[in-house]
Amino acid sequence: MTNQASAEIQADIDHFMHGLRRRNPGEREFHQAVEESAQSIIPFCRENPEYGKDQILERMTEPDRIVIFRVTWEDRHGNFRANRAWRVQFNNSIGPYKGGMRFHPSVTLSVLKFLGFEQVLKNSLTTLPMGGGKGGSNFNPKGKTDREVMRFCHSLMVELSRHIGEDTDVPAGDIGVGEREISYMFGMYKRLANRFTGTLTGKGLAFGGSLVRTEATGYGSVYFMREMLATRGDGIKGKTAVVSGSGNVALHTIEKLTQLGAKVVTASDSGGFVHDPDGIGPEKLEWLKELKTVRRGRIREYAEKFGCDFYERERPWNVPCDLAFPSATQNELRGTDAKALLGNGVVGVCEGANMPTDHDGMQQFLDARILFGPAKAANAGGVAVSGLEQSQNALRISWSREQVNQHLEHIMKSIHDNCVQHGQEEGWINYVRGANVAGFVKIADAMLAYGAV
Ligand code: NDP
Ligand code: 2IT
């Protein structure tokens, strides 16, 4: 590309981002997510002018609708408490809105808009007919009793139920929302709607949940890494891996990596990380699952139990590894962390979390041409199996563990191949560009076909 052409493209991106920032002041995470995608999509639209018309990207970055509401609930001391909740219905061009609910004190409208925008492109990549949305609340489930969480979830659903439905918008879990919260929300939804439908996913197996949904995001992320490694004649077996987080995504990433013969040497939570040079093998992982999902304890206890090092309030990116799986939260892997990983010879990074790598970190990985699987491709396995849960609910059947896992492996391979198709550059595959463009094209085709709606 000539210098003049790349200067013109940069000017287009700057112009677009200037407008987006002006329309959405102060929404830092939303700006970051859109800019990362625009850097792939705007050059693609210049090369393919049929996609550069009708304000497609401008319309795609404006949510269809946002519902903001108060959630009042009663705590264990009899005090009334009030939180704010949102549902961002971002884009339903290719199917009903679909995406998780996040409960965390850091939740803001900006965070949910970034997640909703990413979800639109991610869901398009899954090959399934799903639009994109996201929701959540600044409610902090930590330290709350089950009954407090129940009362919060029930109260939230009294309002949310007006806006969702199996063909309208289908919420699921995310940070702070797992099977317990989905069950409370689904129970109240079912009562209010007086219909038993698959309006939420991630449900318990006894009431319409799908096998492998719990494992799907972590397993999918490892399957995606496997596909990336295969393009270089390499594999998972024998690799040393660093994982951040110890929630749903991280635990099942560790599980699948270990099953495929890798050694996982770290896990973390917001208090710090543990470094276990012997590896978090199956027995230790069972203990960790119980710690995190039943006792809701802290990762520090793992170090005490198994006699390894705990690094308070630190992240694991200085630990030498072949593969890295940021699987906790956004912007947890920054430029200096990327430098440390590259310095230690990392060959692949797969984003289990949404937008865990900041702009500087991602640029370094791309410049180094390592295998970098961006979130909207690498962690799409979770929402893909949510889509399969919707299919099973609609058909009123349940597929076996093997059937669902086969679908998941197939979908991750399709996503990978689609990224390769759109991400080929001289001598390497730019998965960031591949994922953004492949996700965009399908939605853009639908929006162009609909006209001005
Ligand atoms: P969980 O709530 O199960 O676990 C979250 C983990 O990340 C915990 O270990 C938590 O530590 C840590 N964490 C959360 N916020 C922070 C923070 N601000 N700083 C440091 N650590 C933090 O969530 P999930 O595993 O479901 O989600 C993890 C990531 O994966 C998120 O980015 C989510 O959007 C993404 N994702 C999830 C999918 C799913 O199916 N669940 C699907 C696709 C992506 P602590 O307990 O101390 O808070
Ligand atoms: O970020 C995500 O893809 C999720 N939290 C899962 C969403 C879903 O609908 O299963």
Side-chain angles (χ1 to χ4, degrees), residues 29 95-107 111-112 114-123 125-126 128 130-136 140-143 169-182 198-203 209-210 212-221 243-254 267-274 288-289 291-293 296-300 302 313-316 325-333 350-357 375-390:
E29 295 84 359
Y97 305 107
K98 179 82 196 88
M101 295 289 288
R102 178 178 289 194
F103 294 169
H104 195 273
S106 64
V107 167
V111 167
L112 296 177
F114 117 62
L115 289 163
F117 175 70
E118 291 259 310
Q119 198 82 46
V120 173
L121 295 170
K122 182 195 307 192
N123 293 4
L125 285 171
T126 62
L128 302 172
M130 295 190 287
K134 199 86 189 187
N140 184 2
K142 273 202 204 100
D169 182 358
V170 182
D174 193 80
I175 291 177
V177 178
E179 192 179 324
R180 175 183 63 171
E181 291 75 17
I182 294 290
T199 297
L200 282 94
T201 62
K203 300 183 291 295
S210 174
V212 196
R213 174 61 190 90
T214 310
E215 299 88 341
T217 312
Y219 281 18
S221 170
V243 173
S244 68
S246 50
N248 172 280
V249 179
L251 290 169
H252 297 100
T253 298
I254 297 172
S268 71
D269 64 17
S270 54
F273 80 91
V274 291
L288 183 57
K289 278 187 184 171
L291 173 76
K292 281 296 179 180
T293 54
R296 298 179 190 273
R298 310 302 302 157
I299 197 76
R300 163 198 293 277
Y302 179 100
R313 262 183 267 285
E314 286 188 43
R315 292 180 171 138
F325 292 83
S327 308
T329 193
Q330 64 269 10
N331 290 323
E332 57 166 320
L333 199 167
C350 233
E351 294 189 319
N354 285 308
M355 205 167 74
T357 313
K376 56 178 78 70
N379 73 33
V383 73
V385 175
S386 278
L388 301 180
E389 183 172 328
Q390 290 176 262

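What you are looking at is a predicted structure, and each value in this text was computed from that prediction instead of being measured. In listed order, ligands and their atoms are each counted from 1. Note that the numbering runs from 1 along the sequence shown for the chain. These values consider heavy atoms only, across backbone and side chains, with no hydrogens, waters or symmetry-generated copies.
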Say you draw a straight line from [atom1] of [X] to [atom2] of [Y]; how long is it, rounded to the nearest 0.5 Å?
| X | Y | atom1 | atom2 | result |
| --- | --- | --- | --- | --- |
| Ser244 | Leu333 | OG | CG | 7.5 Å |
| Leu115 | Gln330 | CG | CD | 6.5 Å |
| Thr214 | Glu179 | OG1 | CD | 6.0 Å |
| Lys292 | Arg298 | NZ | CZ | 4.5 Å |
| Thr217 | Leu251 | OG1 | CG | 12.0 Å |
| Ile175 | Ser106 | CD1 | OG | 7.0 Å |

Distance alone, cut at 3.5 Å: any donor-acceptor contact between the side chains of [X] and [Y]?
| X | Y | answer |
| --- | --- | --- |
| Lys376 | Asn354 | no |
| Lys203 | Ser210 | no |
| Thr201 | Arg213 | no |

Can you tell me the protein heavy atom closest to [atom] and the distance?
| atom | answer |
| --- | --- |
| atom 7 (C) of ligand 2 | Gly100 N, 3.5 Å |
| atom 3 (O) of ligand 2 | Lys122 NZ, 2.8 Å |
| atom 6 (C) of ligand 2 | Arg213 NH2, 3.6 Å |
| atom 9 (O) of ligand 2 | Lys98 NZ, 2.7 Å |

* Structure fact -> Going by the 4.0 angstrom heavy-atom rule, the piece of Glu118 near ligand 2 is neither

* Between Val385 and ligand 2, which part of the residue brings a heavy atom under 4.0 Å of the ligand: side chain, backbone, both or neither? ->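 No part of Val385 is near ligand 2 at this cut-off.
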
* Please could you name the atoms of ligand 2 that Gly173 approaches to less than 4.0 Å, counting only its heavy atoms? => 4 (C), 5 (N), 6 (C)

* **Contact atoms of ligand 2, heavy-atom distance to Ser386 under 4.0 Å** =>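 Going through ligand 2 atom by atom, the ones under 4.0 Å from Ser386 are 8 (C), 9 (O), 10 (O).
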
Could you say whether the N/O atoms of [X] and ligand 2 ever approach to under 3.5 Å?
| X | answer |
| --- | --- |
| Thr201 | no |
| Lys134 | yes |
| Ala172 | no |

* To do: Could you tell me which residues satisfy ring pair (Phe, Tyr, Trp, His ring centres under 6.0 Å) with Tyr302, sequence neighbours excluded, listed by chain and number?
  =>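 Result, ring pair (Phe, Tyr, Trp, His ring centres under 6.0 Å) vs Tyr302: Phe306.
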
* **Proximal protein residues to ligand 1, non-hydrogen atoms under 4.0 angstrom** =>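 Heavy-atom contacts below 4.0 Å: Arg102, His104, Lys122, Lys142, Asp174, Ile175, Gly176, Arg213, Thr217, Gly245, Ser246, Gly247, Asn248, Val249, Ser268, Asp269, Ser270, Arg298, Ser327, Ala328, Thr329, Gly352, Ala353, Asn354, Asn379.
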
* Asked: Is there a donor-acceptor pair under 3.5 Å between the side chain of Lys134 and the backbone N or O of Leu112?
  ->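 Not at all, since once roles are kept as given, no pair shorter than 3.5 Å links the two residues.
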
